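Only a predicted model underlies this, so the values are computations on that prediction, with no experimental measurement involved. Chain naming here is simple, since letters A, B, ... match the order of the sequence lines and numbering starts at 1 in each.
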There are 2 protein chains.
Amino acid sequence: MTQKKPTLVSLAESIGVSRQTVSNVLNAPQRVKPATRERVLKAVQESGYRPSAAARQLRTRRSMDLGLRLTPVTDGINGAVQDRFLHALTEAAQDAGYRLTLYSARDDEEEIRHIDELLHVADLDGFVLTGTHAGDPRTAWLQEHAVPFAAFGRPWSRTADPFESAHPWVDIDGAAGTESATGFLLEQGHRRIGFLGWRPDEGLGDDRRAGWRRAMEAAGSCGSLNELSAATDDDVAAGASAVDGLLARGVTALVCASDSLALGAFAQLRAVLPPEVEPAVVGFDDTPVAAAVGLSSVAPPVADAARRIIAVLSHVLAGRPAGEGPHRHQVLKPSLVVRKPYALGRTVPRRQGG
Amino acid sequence: MTQKKPTLVSLAESIGVSRQTVSNVLNAPQRVKPATRERVLKAVQESGYRPSAAARQLRTRRSMDLGLRLTPVTDGINGAVQDRFLHALTEAAQDAGYRLTLYSARDDEEEIRHIDELLHVADLDGFVLTGTHAGDPRTAWLQEHAVPFAAFGRPWSRTADPFESAHPWVDIDGAAGTESATGFLLEQGHRRIGFLGWRPDEGLGDDRRAGWRRAMEAAGSCGSLNELSAATDDDVAAGASAVDGLLARGVTALVCASDSLALGAFAQLRAVLPPEVEPAVVGFDDTPVAAAVGLSSVAPPVADAARRIIAVLSHVLAGRPAGEGPHRHQVLKPSLVVRKPYALGRTVPRRQGG
DNA sequence: TTGTAAGCGTTATCAA
DNA sequence: TTGATAACGCTTACAA
């Protein structure tokens with residue numbers, strides 16, 4: 001039943017060639033005479049021989065294994081993005097001949113320790129970084145130690161140009177996303193469109209806010225833009241409680257930095273507005289929650305991003321020159337998913353705790 | 001900057017002992033004289049030496065690596081369970097000294113091919129199976145090939161006793177979950193409580209239906225139970241469209257086999273019932289969507305399950321006898337999370353009795 | 001075009 | 001208690 005696994009040697013012996021010939025057939029077929037090549041390949045097929053990754057790794061110093069940190073699911077809503085990303089990344093890595101090893105870390109420092117450990121112990125070939133932010137210690141560490149990696153997220157910095165960055169990265173154009181969301185609301189006739197986002201972060205959040213601002217300014221709404229913008233924590237309750245202030249300033253529609261915020265805002269608007277007025281809210285990330293409650297949302301092409309990340313990273317790992325191959329810095333445009341809200345309820349959402 | 005990685009040999013030379021002594025300090029400390037042991041350990045610390053997994057694996061034939069399939073996120077709602085499970089599993093594996101390798105497969109046959117491949121190539125020590133079902137070809141294959149594994153999900157079968165199963169598994173007691181959900185609705189005064197589930201599957205779905213049935217029978221509702229039960233696909237739309245038929249049969253409250261179904265049913269009830277009537281619906285899995293919408297739901301202890309799976313599996317892999325150590329077959333009771341619709345973020349968890 | 005020799009870093013075996 | 005020797009399965013360099 002369970003057959004003993006053939007090795008290069010046992011296979012070579014069984015067909016009367018040296019183990020080197022078999023290795024060549026697999027790694028440098030052109031060096032082997034077609035006739036013997038055929039014979040060897042047939043034997044490989046029949047025996048089900050697969051080279052041992054450990055042995056190969058020991059010799060070549062390449063593990064064909066990539067590392068990815070799994071961040072704790074904070075909120076469950078925005079966590080869905082990680083889920084989709086992970087899945088696409090697994091498939092892309094698999095297709096490219098790489099395996100994916102997960103590790104879990106609470107913060108950047110812990111992640112660095114894990115990377116260091118995995119580098120020593122398992123000889124990982126490279127890493128995929130997610131959630132890059134201003135002053136990210138991980139990119140610095142990896143570059144210092146000459147570890148190949150690609151980031152999902154540009155290197156946020158006020159001073160440096162991300163397109164000059166030494167490491168490859170793929171990112172979503174958040175600004176373009178909120179810009180098109182704002183454009184959509186403008187088309188619907190809204191003029192005082194608010195933005196509900198996070199506190200200034202020199203990163204993701206500011207980028208999304210910038211897109212809204214750009215669209216508003218292009219539409220001629222200058223001057224009072226600051227008062228249409230709110231900055232809070234990233235959860236449903238915070239989204240709900242920010243709404244009243246914005247309404248007081250005459251806001252009739254909202255672009256949000258996340259689906260969590262959007263959902264909170266949406267629920268609150270449902271509670272406050274007259275029943276015949278449909279709340280005009282657009283979220284960000286197109287999570288299952290948005291789909292479930294019928295919330296419009298900006299949909300980042302995470303699966304595409306994952307594939308591109310593997311493409312650049314494996315290009316780098318193959319030792320190919322940076323000039324050819326996939327672009328080392330890519331910004332992907334999100335799309336807008338427009339939905340009609342379900343009638344889920346009219347109750348007032350409340351802030352947890354106090 | 002980047003220091004050259006020390007090896008067993010270089011480390012041994014640097015302190016003037018044989019490489020074997022260093023190896024012994026690490027793997028069989030009791031065989032080494034305390035004095036030298038100290039000396040070696042100190043050198044290990046200072047040099048930051050870590051044994052190479054590949055070399056060790058080549059020698060010991062153990063990879064300290066476990067495999068897990070990542071199933072495609074079908075619906076996004078129920079997928080959240082996989083996310084939580086994966087996270088807990090990663091941490092547990094990490095803590096137990098194992099690494100986790102992911103692979104993606106569309107169906108059981110493809111999974112088996114991947115397992116076979118990973119076994120040959122990467123010498124994985126074991127696998128974690130999820131989503132077991134009646135007539136599962138994977139368990140058969142793994143047993144036939146003597147591959148260690150543990151399943152999240154009992155071996156569903158009409159004939160065989162799952163507790164007699166040869167392989168370890170951990171499962172959620174779905175019936176207990178729906179039973180307590182039904183009990184909760186009974187307490188609220190409902191009498192005609194419907195069940196909205198999937199078509200008969202000799203597995204997960206039937207189990208959840210059975211719990212509802214048990215609670216209803218215990219409450220004296222015999223006879224007409226079948227007409228209170230509906231079976232559909234597992235998505236929001238199907239949940240919504242099943243509602244009318246159930247209402248026509250006098251159902252006043254619903255226990256659902258998933259949050260997708262529950263959400264659909266809930267939305268439909270909101271649309272159909274008079275505004276002052278709060279729909280009484282309980283979902284299953286306690287997904288972020290349920291939390292966001294304020295839907296009561298049965299919460300399976302997935303994180304706990306993940307930890308227990310790693311515990312049994314690593315017990316098996318350590319070659320320990322089945323008699324001692326963690327139980328090889330474990331059924332975990334879910335809890336019921338009671339929410340008020342749209343009381344966003346405000347949850348009242350209830351403990352499940354007995 | 002094919003075969004031989006050496007070595008990747010570790011642990012198992014056994015002798016000192 | 002310690003150390004020498006021999007693998008584990010593979011690839012690289014070089015010789016035939």
**OP:** Determine: side-chain N/O of A:Ser23 to OP1/OP2 of D:dT11, distance under 4.0 Å, yes or no.
**Re:** yes
Subject >> Nearest atoms (heavy-atom pairs only) where A:Ala122 meets A:Gln57 >> reply: O-NE2, 3.0 Å
**OP:** Spell out yes or no: do the side chain of B:Gln20 and the base of D:dT1 have one donor N/O and one acceptor N/O closer than 3.5 Å?
**Re:** no
**OP:** Figure out the NE2/P separation between A:His120 and C:dT10, and round it to whole Å.
**Re:** 11 Å
Subject >> Euclidean distance, atom CG of residue B:Leu11 to atom P of C:dT11 [Å, nearest integer] >> reply: 12 Å
**OP:** To the nearest Å, give me how far apart NZ (A:Lys5) and C1' (D:dC10) are.
**Re:** 14 Å
**OP:** Identify, residue by residue, the members of residues 49-63 of chain B with a heavy atom below 4.0 Å from DNA chain D, and return them in order of residue number, or none.
**Re:** B:Leu58, B:Arg59, B:Arg61
Original post:
Rounded to whole angstrom units, what separation is found between the CG atom of B:Leu8 and the P atom of C:dG7?
Top reply: 18 Å
Subject >> Derivation and outcome, side-chain hydrogen bond (donor to acceptor under 3.5 Å, both in side chains), residues A:Thr130 and A:Gln82 >> reply: CA-CA 9 Å; A:Thr130 61; A:Gln82 170 173 298; 5.7 Å; no
Original post:
Yes or no on side-chain hydrogen bond (donor to acceptor under 3.5 Å, both in side chains) for B:Gln94 and A:His114, after CA distance, side-chain angles and deciding distance?
Top reply: CA-CA 10 Å; B:Gln94 198 166 276; A:His114 272 114; 3.2 Å; yes
Original post:
Given side chains that start at C-beta, do those of A:His327 and A:Val312 come closer than 4.5 Å, heavy atoms only?
Top reply: no
Taking only N/O atoms, report every protein-nucleotides 14-16 of chain C pair under 3.5 Å with atom names and distance.
none

Subject >> First encountered from the 5' end of DNA chain D, between B:Gly16 and A:Arg19 >> reply: B:Gly16
Original post:
Which class fits the ring pair A:His329 and A:Phe163: parallel under 30°, tilted 30 to 60°, perpendicular over 60°?
Top reply: perpendicular
**OP:** Could you check how far CG of B:Asn27 sits from P of C:dG9, rounded to whole Å?
**Re:** 17 Å
Subject >> Test: A:Asp123 and B:Lys5 ion pair at under 4.0 Å >> reply: yes
Subject >> Atom pair distance, as rounded to whole Å: CG in B:Leu26 and P in C:dT10 >> reply: 9 Å
**OP:** Please step through side-chain hydrogen bond (donor to acceptor under 3.5 Å, both in side chains) for the pair A:Glu117 and A:Tyr103, ending with a clear verdict.
**Re:** CA-CA 11 Å; A:Glu117 177 88 10; A:Tyr103 54 94; over 6 Å; no
Subject >> Pairing of A:Asp108 and A:Arg69 as salt bridge, 4.0 angstrom limit >> reply: yes
**OP:** Kindly state whether the ring of A:Phe149 and the ring of A:Trp169 have centres lying under 6.0 angstrom apart.
**Re:** no
Original post:
Is the shortest side-chain N/O distance from A:Thr21 to OP1 or OP2 of C:dG3 below 4.0 Å?
Top reply: yes
**OP:** Return the 5'-most residue of the pair B:Val9, A:Asn24 with respect to DNA chain C, ranking by each residue's nearest nucleotide.
**Re:** A:Asn24
Original post:
According to a strict under-4.0 Å criterion, is A:Ser18 in side-chain N/O contact with OP1 or OP2 of C:dT2?
Top reply: no
Original post:
In whole Å, what is the span from the CZ atom of B:Arg39 to the P atom of D:dT1?
Top reply: 15 Å
Subject >> B:Val32, nearest nucleotide to its side chain (from D:dT2, D:dA6, D:dT11) >> reply: D:dT2
